[in-house]
Enquirer: 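Take a look at this one; I'll ask things after.
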2 protein chains.
Amino acid sequence: MAEPTDSRAAILDAAERCFADQGFQATTIKRIAGAAGVNTALLYYYFSDKQGLYHSVLERAFGGLVAEGLRGLEGGLDAPEAVRRFVRAQASYMRAHPALPRLLVRELVDHRAAHATAGISHVAATLFARLCEVIRVGQADGTFRRDLDPRLAAISIVSQVAYWHIARPAVGILLGFDAAGPAPEVSDQFAQHAAAFALAALSSDRRSSDRPPLRSEVAR
Amino acid sequence: MAEPTDSRAAILDAAERCFADQGFQATTIKRIAGAAGVNTALLYYYFSDKQGLYHSVLERAFGGLVAEGLRGLEGGLDAPEAVRRFVRAQASYMRAHPALPRLLVRELVDHRAAHATAGISHVAATLFARLCEVIRVGQADGTFRRDLDPRLAAISIVSQVAYWHIARPAVGILLGFDAAGPAPEVSDQFAQHAAAFALAALSSDRRSSDRPPLRSEVAR
DNA sequence: GTCTATACGGGGATAGAC
DNA sequence: GTCTATCCCCGTATAGAC
């Protein structure tokens with residue numbers, strides 16, 4: 001930001017916020033320039049056009065996601081612990097990068113992920129594959145039940161935290177909060193719940209879930 | 001459609017498709033008119049303006065959702081069976097109305113559900129409340145474990161099928177399908193899996209899940 | 001109720017000075 | 001590298017004829 005001539009980064013940052021907040025169409029070049037504190041024409045110096053800028057934003061976002069995600073997944077191979085760590089990493093990443101979920105969802109519905117196939121394929125080959133592998137390991141050593149398809153189970157696991165963040169306004173209403181939506185603590189609480197829910201679904205016997213029962217009441 | 005002077009319905013139908021496909025901003029009045037087979041100016045005869053039309057589309061969509069959703073939920077109070085029925089109803093509704101998930105997601109990210117608070121509150125008071133109640137009943141009679149918050153569990157249940165449809169293009173890539181995404185049969189398969197996953201998470205003992213183990217391999 | 005014609009504004013993009 | 005000025009298209013919305 002303070003770098004000389006790093007207007008480019010400033011533009012990318014501003015564009016990411018704007019695209020996430022309002023979507024591709026609704027975001028105007030002029031607004032991005034304003035938010036970045038630079039001139040409209042400068043966007044065309046650094047990027048081919050609006051689409052090119054958008055594409056660059058997506059690439060950068062996905063790169064960070066995979067890098068940080070993989071870091072959160074390193075460590076032992078104990079299956080239940082790995083699942084718990086995965087959910088925690090997913091939740092903390094979304095909390096740290098609130099723009100990302102909206103950005104990705106928009107890309108999904110706006111272009112059927114056409115501008116993001118490369119990034120998603122990368123995620124599929126790294127993060128998602130890793131999660132599936134963990135589930136298979138758990139099934140092989142008997143801690144996880146074997147009558148669930150590992151890949152569908154992986155989607156079930158991912159969906160909980162993802163949906164929570166995508167549908168935050170609706171979730172707020174469902175849980176009886178006001179328009180402000182659930183507070184960050186509630187998101188943390190849900191992440192804990194999601195991990196427990198997933199492990200309960202996966203476990204092959206009830207004993208393996210002999211953890212401190214977290215009866216987490218959501219405050220109204 | 002064949003009704004005389006029911007251009008109004010034709011406009012609403014076309015608008016629903018367009019808004020779902022491209023979003024509010026990207027959808028042009030002219031395109032809606034074209035898709036409805038009427039003139040541009042006619043939209044302003046029936047609706048105040050673009051926003052008014054959008055609002056009417058949302059209202060109609062939510063009305064149908066609640067009506068049909070409640071119908072699918074009637075019947076016995078056996079908790080596990082009710083959960084299964086809920087997931088099945090959710091999946092079949094989304095399959096029958098493919099535009100709805102995208103429409104709602106767009107409203108969530110575009111306006112933080114501002115235009116849909118009434119509809120969502122209605123869903124919260126009917127469908128969601130019903131699902132929570134079912135879970136509580138199951139916990140009370142001992143078939144469901146008691147260390148899960150019923151409302152968070154309800155969100156976990158809903159999230160699976162919802163996410164599947166929202167993220168369909170990404171899911172397609174994750175599961176190794178081509179750009180076309182998963183076929184409808186795979187969606188049905190996932191709905192079955194989601195119900196089994198949810199019941200496994202909820203059940204207080206393993207015996208209660210002595211159903212035909214559906215080892216559903218997803219074809220590549 | 002339905003159409004034609006048009007005004008009006010705003011957004012993407014470029015030329016060219018500095 | 002960064003800015004000023006400007007062009008042109010297209011989308012919303014209205015007036016008014018039929």
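Just so it is clear, the model here is predicted, and its values are computed rather than measured. Just so it is clear: chains get the letters A, B, ... in the order the sequence lines come, proteins before strands, and each one is counted from 1.
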Enquirer: Under 30°, 30 to 60°, or over 60°: which ring-plane class applies to Phe197(B) and His193(B), parallel, tilted or perpendicular?
Expert: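 Phe197(B) and His193(B): tilted rings.
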Enquirer: Whole angstroms only, please: what is the CG-P distance between Asn39(B) and dT6(C)?
Expert: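 From Asn39(B) CG to dT6(C) P: 15 Å.
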Enquirer: So if I take every side-chain heavy atom of Tyr46(A) and compare against dT12(D), dT2(D), dG12(C), which nucleotide ends up nearest?
Expert: dT2(D)
Enquirer: To the side chain of Ala41(A), which of dT2(D), dG12(C), dT14(C) is closest?
Expert: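 Ranking dT2(D), dG12(C), dT14(C) by closest atom to the Ala41(A) side chain puts dT14(C) first.
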Enquirer: Measure the CG-CZ distance between Leu174(B) and Arg151(A) for me, rounded to the nearest 0.5 Å.
Expert: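 Nearest 0.5 Å value for the CG-CZ distance: 9.5 Å.
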Enquirer: Is it the case that the side chains of Ser159(A) and Trp164(B) hold a donor-acceptor pair, with the cut-off being a distance below 3.5 Å and no angle test?
Expert: no
Enquirer: Using the side-chain heavy atoms of Val38(A), tell me which of these nucleotides is nearest: dA13(C), dT12(D), dC3(D).
Expert: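 Of the options given, the side chain of Val38(A) lies nearest dC3(D).
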Enquirer: Measuring centre to centre across the rings, with the benzene-like ring taken for any Trp, is Phe62(B) within less than 6.0 Å of His122(B)?
Expert: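 No.
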Enquirer: Lys50(B) side chain N/O closer than 4.0 Å to the phosphate oxygens (OP1, OP2) of dT12(D)?
Expert: yes
Enquirer: Is any side-chain nitrogen or oxygen of Tyr44(A) closer than 4.0 Å to OP1 or OP2 of dT14(C)?
Expert: no
Enquirer: Tell me the interatomic distance from Tyr54(B), atom OH, to dT12(D), atom P, rounded to whole angstroms.
Expert: 15 Å
Enquirer: Calculate the interatomic distance between Asp49(A) atom CG and dC8(D) atom P; express it in whole Å.
Expert: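 Checked: the CG to P distance equals 20 Å.
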Enquirer: Rounded to the nearest Å, what distance is computed from the CZ atom of residue Arg8(A) to the C1' atom of nucleotide dT2(D)?
Expert: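 The distance from CZ of Arg8(A) to C1' of dT2(D) comes to 16 Å, rounded to the nearest Å.
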Enquirer: What is the distance, to the nearest angstrom, from the CZ atom on Arg31(B) to the P atom on dT12(D)?
Expert: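 That distance rounds to 12 Å.
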Enquirer: For the CG atom of Leu199(A) and the CD atom of Glu81(A), what is their distance to the nearest 0.5 Å?
Expert: 9.0 Å
Enquirer: Can you see if the side chain of Ser7(B) gets near the phosphate of dT2(C) - specifically, an N or O under 4.0 Å from OP1 or OP2?
Expert: yes
Enquirer: Rounding to a whole Å, what distance do you find between Lys30(B):NZ and dT12(D):P?
Expert: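 From Lys30(B) NZ to dT12(D) P: 8 Å.
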Enquirer: Does dT14(C) have OP1 or OP2 under 4.0 Å away from a side-chain N or O of Tyr45(A)?
Expert: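 No.
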Enquirer: Name the nucleic acid region contacted by Ser48(A), choosing base, sugar-phosphate or nothing; use a 4.0 angstrom heavy-atom cut-off, strictly under.
Expert: nothing
Enquirer: How many whole angstroms separate atom CG of Leu42(A) from atom C1' of dA15(C)?
Expert: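 Result: 16 Å.
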Enquirer: I need the CG-P distance between Leu43(A) and dC3(D), as an integer number of Å.
Expert: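 To the nearest whole Å, that distance equals 10 Å.
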